[in-house]
Amino acid sequence: MNETHTHTHSIKLVVLDMAGTTVADGGLVEQAFSTAAERLGVEPGSDDHATKLDYVRATMGESKISVFRHLFGDEAKAQQANAAFEEAYGNLVDAGHIAPVAGAREAIEKLRSEGRRVVLTTGFARVTQDAILDALGWQRLVELTLCPADAGGRGRPYPDMVLAALCARAPPTGCGRSRSPATRRTTCSAASAPARALSRAS
């Protein structure tokens, strides 16, 4: 057995992003952001809108509430924008404007059939992540999903760091949202300690 073959089969855990990597959303993030920004008085097509949209594009994968805090400064406005974003994105998902990236499901199923654990991560809020999983019929596709709520409200790389900390102590099914039939949509308290530690370190 050569070195490359040995290395390939030593991989036991695969962590995959959702929107843009395993999920094709056709620019729904930008559409939902524009809806949210307009509700907060940002004129569509204005320089302010363009500047904010550029920042959204540059921070894909980060916690959306963190992005809105940066854009609007005021916490109340950030929360309002985040709620509007989640609602708009959810409506687009419900309308069928989302699909798996070609071959993504098959690739994940193959990885799992080979004995690897697969985790899906996102910068979306839990409610948005669940909406995507439900729309695609992926509720039981993987054993675990992670979002910013699992890492003190921050996006990548923090959920992955929480996962790494937990995997050092327990199997991946011990944190985030388990997707096994018996424990689906259950948040494990084990995630809280690493999340608090990461929050204190920031």
Side-chain angles (χ1 to χ4, degrees), residues 6-25 28-29 59-67 82 86 89-90 93 98-199 201-202:
T6 302
H7 176 71
T8 299
H9 286 271
S10 68
I11 297 172
K12 302 299 183 184
L13 175 68
V14 180
V15 183
L16 300 172
D17 181 33
M18 291 181 67
T21 302
T22 55
V23 179
D25 70 358
L28 298 193
V29 169
T59 55
M60 289 290 185
E62 291 189 18
S63 167
K64 295 301 178 282
I65 184 61
S66 297
V67 172
N82 192 57
E86 290 178 7
Y89 196 97
V93 170
I98 199 166
V101 167
R105 184 184 187 106
E106 293 78 7
I108 292 170
E109 290 174 340
K110 185 174 188 298
L111 288 167
R112 293 196 65 187
S113 73
E114 293 170 345
R116 297 178 174 88
R117 297 180 185 274
V118 181
V119 179
L120 292 176
T121 67
T122 185
F124 292 135
R126 175 65 66 189
V127 64
T128 306
Q129 184 182 46
D130 280 347
I132 295 171
L133 294 168
D134 290 344
L136 297 179
W138 283 12
Q139 302 95 329
R140 292 178 173 83
L141 180 61
V142 300
E143 295 173 279
L144 178 69
T145 64
L146 289 172
C147 72
D150 299 312
R154 296 183 296 173
R156 288 187 301 274
Y158 297 100
D160 297 347
M161 292 169 68
V162 169
L163 175 63
L166 287 168
C167 285
R169 295 161 33 191
T173 48
C175 59
R177 289 285 179 100
S178 171
R179 289 286 155 183
S180 63
T183 57
R184 179 172 172 264
R185 297 178 185 276
T186 300
T187 301
C188 177
S189 60
S192 60
R196 286 196 297 270
L198 288 170
S199 296
S202 63

Side chain to side chain contact (heavy atoms under 4.5 Å, CB included) evaluation trace for Asp25 with Met18: CA-CA 10 Å; Asp25 70 358; Met18 291 181 67; over 6 Å; no
Over all atoms of both residues, closest heavy-atom pair of Phe124 and Cys147: O-CB, 3.5 Å
Listed partners of Arg112 passing salt bridge (charged side-chain N to carboxylate O under 4.0 Å, His left out), at least two apart: none
Worked verdict on Val23 versus Thr122 for side chain to side chain contact (heavy atoms under 4.5 Å, CB included): CA-CA 11 Å; Val23 179; Thr122 185; over 6 Å; no
Any donor-acceptor N/O pair, Arg116 side chain to Ile11 backbone, under 3.5 Å: yes
Leu16 vs Val142, side chain to side chain contact (heavy atoms under 4.5 Å, CB included): CA-CA, chis, key distance, verdict: CA-CA 10 Å; Leu16 300 172; Val142 300; over 6 Å; no
For Pro100 against Leu136, the heavy-atom pair lying closest together: CD-CD2, 3.6 Å
Residues Leu141, Arg105; criterion side chain to side chain contact (heavy atoms under 4.5 Å, CB included); working and verdict: CA-CA 8 Å; Leu141 180 61; Arg105 184 184 187 106; 3.9 Å; yes
Val118 vs Glu143 side-chain heavy atoms within contact, under 4.5 Å: no
Separation of Gln129 CD from Leu146 CG (nearest 0.5 Å): 7.5 Å
Minimum heavy-atom distance Val93-Ala131, with the two atoms named: CG1-O, 3.7 Å
Closest non-hydrogen atom pair, Ala125 against Glu86: CB-OE2, 2.8 Å
Considering all heavy atoms, the nearest Thr121-Asp17 contact: O-OD1, 3.3 Å
Closest heavy-atom pair and its distance - Trp138, Thr22: CH2-O, 3.4 Å
Approximate separation, where rounding is to 0.5 Å, of Gln139 CD and Leu133 CG: 7.0 Å
Nearest-0.5 Å distance, CG of residue Asn82 to NZ of residue Lys64: 9.5 Å
Spacing of CE belonging to Met60 relative to OG1 belonging to Thr21, to within rounding of 0.5 Å: 11.5 Å
Qualifying residues under side-chain contact (heavy atoms from CB on, under 4.5 Å), relative to Thr59, sequence neighbours excluded: Tyr55, Glu62, Val67
Side-chain ion pair, Glu114 and Lys110, N-O less than 4.0 Å: yes
